[in-house]
Amino acid sequence: LAKTTQPISMDSYEGQEVNITCSHNNIATNDYITWYQQFPSQGPRFIIQGYKTKVTNEVASLFIPADRKSSTLSLPRVSLSDTAVYYCLVPTGANNLFFGTGTRLTVIP
Amino acid sequence: DARVTQTPRDKVTEMGQEVTMRCQPILGHNTVFWYRQTMMQGLELLAYFRNRAPLDDSGMPKDRFSAEMPDATLATLKIQPSEPRDSAVYFCASGQQAVKGDNEQFFGPGTRLTVL
């Protein structure tokens with residue numbers, strides 16, 4: 001049963017780069033790592049997904065070391081609107097995703 | 001802009017009443033998920049379907065909850081009878097799942113259920 005561990009909360013100032021690290025020691029060989037973002041009163045929103053090394057899109061970068069037992073979501077130059085809960089997920093079964101409690105990021109002016 | 005829609009957005013009911021929540025997945029998506037979110041438990045997977053067939057409902061209290069997909073454009077989650085502890089936000093999500101490992105799910109706005 002692949003589960004994840006990530007910090008409960010983080011604070012950052014506007015304009016800084018934020019790195020949220022997640023551990024997933026029991027990740028299976030074929031599993032992808034997925035990150036979601038959730039704002040209050042909204043459903044989670046897909047941010048990025050990766051299998052190994054580095055993935056980058058217009059929103060974030062995802063770094064995955066060779067052993068794939070952890071991953072780091074990198075948000076460049078955060079703004080106040082990036083204040084949200086960020087979830088790191090790996091499947092617990094056939095495409096089941098375990099969301100857990102996520103990391104509450106607070107961006108400070 | 002394709003979106004998952006859910007109705008109702010808010011529901012207040014009394015204990016013992018039946019509650020039905022509806023979800024319209026994004027056209028073409030073959031996988032539908034139901035989640036429940038509370039402050040205490042976070043986001044929990046209740047059930048999910050692939051190609052309208054239920055694949056896993058182990059997260060759902062079977063005695064009172066039921067989930068169905070009458071057709072490809074409608075998923076329902078029913079609670080009968082409802083209890084105060086069922087108060088939560090219920091999210092529906094859909095996905096393409098075309099490639100193994102593709103975990104991108106598109107979430108609806110949720111149904112906020114309050115059981116008095």
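Chain identifiers are assigned alphabetically (A, B, ...) following the order of the sequence lines, protein sequences preceding nucleic acid strands; residue numbering begins at 1 within each chain.
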Heavy-atom proximity to chain B below 4.5 Å, by part of Tyr87(A)
side chain
Do other residues, nucleotides or ligands put more than 12 heavy atoms under 6.0 Å from the CG atom of Leu80(A)?
yes
Just how far is it from atom CZ of Phe91(B) to atom CD of Gln42(A), taken to the nearest 0.5 Å?
8.5 Å
Okay, Gln6(B) and chain A: the region with an atom under 4.5 Å from a heavy atom over there is neither
Do Phe107(B) and Gln38(A) come within less than 4.5 Å of each other through their side chains, counting heavy atoms only?
no
Calculate, to the nearest 0.5 Å, the distance between atoms OH and CD belonging to Tyr32(A) and Glu104(B) respectively.
13.0 Å
Under a 4.5 Å side-chain heavy-atom rule over Ile, Leu, Val, Met, Phe, Trp and Tyr, are Leu77(B) and Val19(B) clustered together?
yes
Within a strict 4.5 Å, meaning less than it, do heavy atoms of the Gln105(B) and Pro44(A) side chains meet?
no
Do the side chains of Ile20(A) and Phe63(A) join up, straight or via other hydrophobic residues, at under 4.5 Å, putting them in one cluster?
no
With the 4.5 Å side-chain cut-off for hydrophobic clustering, are Leu113(B) and Phe65(B) part of the same group?
yes
Count I, L, V, M, F, W, Y as connected when their side-chain heavy atoms are under 4.5 Å apart, and connections chain through other members. Are Phe106(B) and Phe49(B) then in the same cluster?
no
